[in-house]
Amino acid sequence: MSQVRVRFAPSPTGFFHIGSARTALFNWLYARHTGGKFILRIEDTDKERNSEAFLKIILDSMHWLGMDWDEGPGVGGDFGPYFQSQRTELYRTKLKELADKGRAYEKDGAWWLRLEGARSTVFDDHLKKEIEKVEAAPMVLEDLVRGRVERAEDRDFVLFRSNGEPVFHFVNVVDDIEMKITHVIRGEDHLSNTSKHLEIFKAFGVTPPHYAHIPLILKTDGPGKMSKRDRGALIEEYQQRRYLPAAVRNYLCLLGWTPADGKEVMPIEEIVRQFEISAVHQSNARFDERKMSHVNAQTLRLLPPAEFAAVARPILTETGVVHADVSDARLTEVLGIVQEKVVSVEHLPEFLAFFFTDKFNKDENALANLSKKGGEPVTRVRELLPTLTAAAWEEAALEAAFTAVGTTCGRKPTDYFAPVRYAISGQGGGAHLLGVLRVLGRDTTLARLQAFAT
RNA sequence: GUCCCCUUCGUCUAGCCCGGUCCAGGACACCUCGUUUUCAUCGAAGUAACUGGGGUUCGAAUCCCCAAGGGGACGCCA
């Protein structure tokens, strides 16, 4: 069997949409799973709407999500150029081929594909005008996801516009032929177009590739598919909000496909190993940012400490929480005790600012809650302070100090935790308290407790 | 309007091909309890679904038909 060749063919006319990213991803996964080639082809035939800026965004987002291509912009390949705007001569040649066969004709300055079948003129309700209908034989598609789908085209359609530019359906098929594409994996919104494409393949006398039409991603609520306006629709957004690219990619895999073993959060190598087109779903899926956020949190907590530090350091530096003079060792020490509690990179600065500055924010709700349990917080801290001051600065000794004070004052040791946490961090929750005390250090801790108690 | 696709908890889904093991399993969310803390972790428990109607069958989430609902396509956009 010949090698799998798949392609992702975006047109740079807008931001990189989550649906496009998922289509690219499934193609990429299939190529990597089968050891085939993943080709990136830029469909920039619409001169009016194309832009360099959009192209850059698409390329950047592909890199960010870790989807590398074997042929295409920047890497070349044997079937280039990979920009359709540079392939016009080829399209003209191929059009002539169809014209010579009598399958393409010129009308109103444009070139049309001639369908084979009986013709009649009828009034079309949708178009609100008289049109020429053709009774063409239905095209039969054996879709890898949908199964057998039959559909008949009933009108000739445009191949080349009157301005001399070819249209999508034509260039898409010509390039799939020329680039020897074996599998076309694309969104279900193209399912109805496939009969057109099959007609073109037939006109060329070429066997079409295998098709797999994957389900669409629907809005979280409300009708219809995700559109660029919807929150969470653009890949850029996740980049800005410090999502882990691996997590975004992982969640995207779950939208339209389920691994056989039921595991959801897993490394990309594992997904590549398990990915099968036959397991791709047939029904559309609704986008759920909460689940994506969960996948992100899980991924974050599973990161090796060094990698966690690498993703944390930039935002901590940018927000001024961590200065350049903070050593990697110190940063890793702090991150080490919070990682298991962390839920997003975005919230890291506020979460651990108190380790690096005395001017941390104080959570009013946390303060209000203090006296509900454990009584007067300032009194608690005063009770605790002498014993804590005398204690050795390691977790077992600190714990013993809390217990001792609790026993003396007739209270649970935990009655002291919330006041202490608030006094040193301004927060109502966070990482394991004894660990926080240890890492924060004796001097800083005692100073903040003193300040709170006076 | 025409054509195409889809239909299991609020959401993502497993199961469906090869009907009984499913009074339907998991995950997210939610709710409750627990945990060295009172909503960022973690643990335990809970609420919650086979769109409807016919049929086939001893037996249907699973097979067939119809209906309804959802989605998509009908451009000299891609």
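Each chain gets a letter, A, B and so on, in the order its sequence line appears, and its residues count up from 1.
Within the 4.0 Å cut-off from OP1 or OP2 of C42(B), at least one side-chain nitrogen or oxygen of Gln298(A) is found. For Gln282(A), no side-chain nitrogen or oxygen approaches OP1 or OP2 of C5(B) to under 4.0 Å.
For the P atoms, the distance linking A49(B) with U11(B) amounts to 12 Å, nearest Å. Between C18(B) and A60(B), the two C1' atoms lie 14 Å apart (nearest whole Å). Rounded to whole Å, the C1' atom of G59(B) lies 6 Å from the corresponding atom of G20(B). Distance noted for atom P between G25(B) and A14(B): 15 Å (whole Å). Look at the C1' atom in both G72(B) and C64(B): the space between them is 26 Å, to the nearest Å. Taking atom P on both nucleotides, U62(B) is separated from A24(B) by 16 Å, rounded to a whole Å. C5(B) and U21(B) have their P atoms separated by 31 Å, with the value rounded to a whole Å. Comparing C65(B) with U57(B), their C1' atoms are spaced 16 Å from each other, to the whole Å.
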Are His197(A) and Phe168(A) close enough, and set up right, to give a ring pair (Phe, Tyr, Trp, His ring centres under 6.0 Å), and what steps lead you there? CA-CA 10 Å; His197(A) 301 175; Phe168(A) 160 73; 5.6 Å; yes
Checking Phe417(A) against Phe402(A) for the ring pair (Phe, Tyr, Trp, His ring centres under 6.0 Å) test, could you report, in this order, the C-alpha distance in whole Å, the side-chain angles of both residues, the deciding distance, and whether it holds? CA-CA 8 Å; Phe417(A) 277 68; Phe402(A) 277 95; 4.8 Å; yes
Report the C-alpha separation of Phe54(A) and Phe15(A) in whole Å, then their side-chain angles, then the decisive distance to 0.1 Å, and conclude whether the ring pair (Phe, Tyr, Trp, His ring centres under 6.0 Å) test is met. CA-CA 6 Å; Phe54(A) 286 137; Phe15(A) 290 96; 5.2 Å; yes
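At a cut-off of 3.5 angstrom, counting only N and O atoms as typed in the model, there is no donor on one side facing an acceptor on the other between the side-chain of Ser192(A) and the base of C74(B).
No side-chain heavy atom of Ile214(A) sits less than 4.5 Å from a side-chain heavy atom of Arg186(A).
Among Arg286(A), Lys225(A), Lys219(A), the single residue meeting the salt bridge (charged side-chain N to carboxylate O under 4.0 Å, His left out) criterion with Asp230(A) is Lys219(A). When Phe354(A), Phe351(A), Phe355(A) are each tested for a side-chain contact (heavy atoms from CB on, under 4.5 Å) with Ser425(A), only one passes: Phe354(A).
For His17(A) and A78(B), the NE2 to P distance is 19 Å, given to the nearest whole Å. Rounding to whole angstrom units, CZ of residue Arg301(A) and C1' of A40(B) are separated by 8 Å. Distance CD1 (Ile131(A)) to P (G1(B)): 17 Å, rounded to an integer number of Å. In this structure, CZ of Arg146(A) is placed 14 Å from P of C4(B), rounded to the nearest angstrom. Protein atom CE of Met266(A) is 12 Å distant from nucleotide atom C1' of A27(B), rounded to whole Å. The nearest whole Å value for the distance from the NZ atom in Lys225(A) to the C1' atom in G70(B) is 15 Å. In this structure, the CD atom of Glu350(A) is 10 Å from the C1' atom of A40(B), given to the nearest Å. Distance, Lys196(A) NZ to U2(B) P: 18 Å, rounded to whole Å.
Of the possible polar contacts, none joining the Thr258(A) side chain to the Leu254(A) backbone as a donor-acceptor pair under 3.5 Å is found.
Mapping Ser344(A) and Arg155(A) onto RNA chain B by nearest heavy atom places Ser344(A) closer to the 5' end of the strand. A residue-by-residue look at Tyr416(A) and Gln84(A) shows that Tyr416(A) has its nearest nucleotide of RNA chain B further toward the 5' end.
A salt bridge does not link Lys94(A) with Asp175(A): every distance from a Lys NZ or Arg NE/NH1/NH2 to an Asp or Glu carboxylate oxygen is 4.0 Å or more. Salt-bridge check for Arg241(A) with Glu289(A): passed, with a basic side-chain N closer than 4.0 Å to an acidic carboxylate O. Contact check on Glu150(A) versus Arg148(A) returns a salt bridge, with a Lys/Arg side-chain nitrogen under 4.0 Å from an Asp/Glu carboxylate oxygen.
For the segment residues 107-114 of chain A, residues with any heavy atom less than 4.0 angstrom from an atom of RNA chain B are, sorted by number, Asp108(A), Ala110(A).
Nearest nucleotide to the Arg161(A) side chain, out of G71(B), C76(B), A40(B): C76(B). Nearest nucleotide to the Val158(A) side chain, out of A73(B), C76(B), A78(B): C76(B).
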Nucleotide-resolved protein contact map, nucleotides 9-15 of chain B, B/S/- at heavy-atom distance under 4.0 Å: --SBSS-
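At a threshold of 4.0 angstrom between heavy atoms, the contacts of Phe351(A) include nucleobase atoms, whether or not backbone atoms are also involved. Residue-level contact check: Gly187(A) touches neither bases nor backbone, having no heavy atom under 4.0 Å from any strand.
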